[in-house]
Amino acid sequence: MSFKNSIAIDGPAGAGKSTAAKLLAKQVGYVYVDTGAMYRALTYKALSIGVRIDDEESIETMAAETELEIKPSNCGANTRIFCDGYEVTDQIRSPLVSGNVSLIARMASVRRRLQRLQRDIASQMDVVMDGRDVGTRVLPEARFKFFLTASVIIRAERRYKELRGTGEPVSLWAVKKQVIARDLSDSLRFLDPLVRAPTAVLIDSTNLDIGQVVEVMVSHVCT
């Protein structure tokens with residue numbers, strides 16, 4: 001497989017990965033792929049059909065029988081996610097899904113299946129792919145790698161505004177608590193923990209707006 005034109009963006013929850021990746025994809029003419037949406041789609045399905053999130057055997061069986069499909073839109077700058085033929089793009093962003101996705105994301109068989117799917121996608125087209133293990137595990141061969149982060153409070157505020165914008169009745173305190181919990185889960189899990197790839201460019205967006213973040217990325221990609 002060839003991944004010479006792939007761009008990998010990793011980082012913790014609320015760092016702005018998705019927004020930056022979408023804008024970058026649009027600028028360079030690549031297809032944006034949200035790997036986290038795949039884990040969220042499986043989490044949403046499990047919650048919807050009553051499969052216990054902590055029942056690893058049942059989750060793995062469900063994952064093996066689930067059809068996931070990513071469809072680019074808006075010239076590749078946005079991603080629509082389908083689960084068993086039904087679009088779940090909006091549903092997978094709920095606080096309930098956010099609070100449970102890390103439990104599914106740590107399951108070995110689930111990760112390996114989705115990683116294979118993600119690599120297949122990247123082998124077929126030029127992609128900007130964001131997630132938590134793209135540069136280290138999914139696409140270690142990617143030509144460009146970025147690790148995007150920000151302070152906890154800034155990331156919580158961004159996530160809070162995003163949820164309030166969709167009408168979710170959440171509090172900033174609850175979102176901050178969720179962000180901290182997700183950080184710990186992602187960084188301390190035994191399998192594919194969230195770490196910066198050795199060759200990834202570190203971008204701290206605490207004091208940067210999204211336009212400035214993308215400018216930094218473009219300066220590396222287009223030189």
Side-chain angles (χ1 to χ4, degrees), residues 1-11 17-46 56 59-93 97 101-148 186 189 191-200 217 221:
M1 292 184 180
S2 175
F3 309 102
K4 65 179 181 179
N5 290 327
S6 299
I7 301 173
I9 302 176
D10 292 310
K17 300 186 300 296
S18 296
T19 303
K22 291 175 186 177
L23 293 173
L24 180 61
K26 191 170 184 178
Q27 286 208 31
V28 299
Y30 288 10
V31 173
Y32 166 61
V33 178
D34 178 2
T35 63
M38 299 180 181
Y39 292 98
R40 285 176 170 273
L42 289 178
T43 305
Y44 173 75
K45 179 178 178 179
E56 187 165 347
I59 292 293
E60 291 176 355
T61 298
M62 182 199 74
E65 298 172 347
T66 299
E67 179 184 351
L68 294 177
E69 185 178 9
I70 283 185
K71 294 183 179 181
S73 62
N74 190 23
C75 299
N78 286 309
T79 296
R80 299 164 62 207
I81 182 77
F82 292 77
C83 182
D84 296 328
Y86 295 93
E87 184 172 5
V88 294
T89 305
D90 295 329
Q91 295 91 323
I92 64 175
R93 299 297 171 182
V97 171
V101 64
S102 62
L103 296 175
I104 284 182
R106 71 186 183 189
M107 298 179 183
S109 63
V110 172
R111 296 197 68 81
R112 296 299 172 250
R113 178 174 183 268
L114 295 189
Q115 287 167 351
R116 286 194 296 271
L117 177 58
Q118 292 153 12
R119 286 177 66 82
D120 285 344
I121 294 171
S123 71
Q124 298 169 21
M125 60 188 76
D126 296 336
V127 300
V128 176
M129 188 174 287
D130 79 306
R132 287 169 173 77
D133 63 349
V134 181
T136 55
R137 185 71 186 188
V138 181
L139 298 176
E141 312 93 328
R143 184 177 180 184
F144 301 102
K145 302 175 187 176
F146 300 97
F147 191 90
L148 182 59
D186 288 339
R189 68 176 177 233
L191 187 68
D192 303 333
L194 171 64
V195 294
R196 174 188 171 191
T199 57
M217 293 180 173
V221 173

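What you are looking at is a predicted structure, and each value in this text was computed from that prediction instead of being measured. All values below were derived from every heavy atom in this structure, side-chain atoms included, with hydrogens, water molecules and symmetry-related copies excluded. Sequential numbering from 1 along the given sequence is applied to the chain's residues.
Between Thr136 and Val195, the shortest heavy-atom contact is CG2-O, 3.7 Å. In plain terms, the two heavy atoms of Leu148 and Ala20 that are nearest each other are CD2-CB, 4.2 Å. Taking every heavy atom of both residues into account, Met129 and Ala122 meet most closely at CE-CB, 4.2 Å. Across every non-hydrogen atom of Ala46 and Ile104, the tightest pair is CB-CD1, 4.4 Å. The two residues Ala8 and Ala142 make their nearest non-hydrogen contact at CB-CB, 4.1 Å. Closest non-hydrogen pair, Ala108 versus Glu56, comes out as N-OE2, 4.4 Å.
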Walk me through it: do Tyr30 and Ile7 pass the test side-chain contact (heavy atoms from CB on, under 4.5 Å)? CA-CA 9 Å; Tyr30 288 10; Ile7 301 173; 3.8 Å; yes
Assess the residue pair Val31 and Asp126 against the criterion (side-chain contact (heavy atoms from CB on, under 4.5 Å)); give the C-alpha distance rounded to whole Å, side-chain angles, the decisive distance to 0.1 Å, and a yes or no. CA-CA 6 Å; Val31 173; Asp126 296 336; over 6 Å; no
Evaluate the side-chain contact (heavy atoms from CB on, under 4.5 Å) criterion for residues Leu42 and Val101: first the C-alpha distance (whole Å), next the side-chain angles of each, then the deciding distance (0.1 Å), finally the verdict. CA-CA 8 Å; Leu42 289 178; Val101 64; over 6 Å; no
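Taking CG from Leu139 and CD from Gln115, the interatomic distance works out to 10.0 Å, rounded to the nearest 0.5 Å. The structure places CZ of Phe144 at 8.5 Å from CG of Asn5, a figure rounded to the nearest 0.5 Å. Atom-to-atom distance recorded for Thr79:OG1 and Lys71:NZ is 13.0 Å, nearest 0.5 angstrom. The structure places CZ of Arg119 at 14.0 Å from CG of Leu114, a figure rounded to the nearest 0.5 Å. The distance from the CG atom of Asp10 to the OG1 atom of Thr35 is 7.5 Å, given to the nearest 0.5 Å. To the nearest 0.5 Å, atoms CG (Leu68) and OH (Tyr39) are separated by 10.5 Å.
For Asp34, the side chain to side chain donor-acceptor pair (under 3.5 Å) test picks out Arg93, with sequence neighbours left out. Contacts of Lys45 classified as salt bridge (Lys or Arg N to Asp or Glu O under 4.0 Å), with partners at least two apart in sequence or in another chain: Asp84. Under the rule for a side-chain contact (heavy atoms from CB on, under 4.5 Å), the partners of Ala200 that lie at least two apart in sequence or sit in another chain are Lys145, Phe147, Arg196, Ala197. With sequence neighbours excluded, no residue forms a side chain to side chain donor-acceptor pair (under 3.5 Å) with Thr19. Applying the salt bridge (Lys or Arg N to Asp or Glu O under 4.0 Å) criterion to Arg40, with sequence neighbours excluded, gives no partner residue. Residues that satisfy the side-chain contact (heavy atoms from CB on, under 4.5 Å) test with Ser109, not counting sequence neighbours, are Glu60. Residues that satisfy the side-chain contact (heavy atoms from CB on, under 4.5 Å) test with Leu103, not counting sequence neighbours, are Ile53, Asn100, Arg106. By the salt bridge (Lys or Arg N to Asp or Glu O under 4.0 Å) test, Asp186 is found to be paired with Arg132, Arg182, Arg189, residues two or more places apart in sequence or in another chain being considered. Among residues two or more places apart in sequence or in another chain, the side chain to side chain donor-acceptor pair (under 3.5 Å) test is passed with Glu87 by Arg80, Thr89. Residues that satisfy the salt bridge (Lys or Arg N to Asp or Glu O under 4.0 Å) test with Asp133, not counting sequence neighbours, are Arg111. Gln91 pairs by the side chain to side chain donor-acceptor pair (under 3.5 Å) definition with nothing, not counting sequence neighbours.
Of the N and O atoms on the side chains of Tyr32 and Ser18, at least one donor lies less than 3.5 Å from an acceptor on the other residue.
Taking 4.5 Å as the limit, every side-chain heavy atom of Thr43 sits out of range of all side-chain heavy atoms of Ile92.
Looking only at distances, a side-chain donor or acceptor of Lys17 sits under 3.5 Å from a matching main-chain atom of Gly11.
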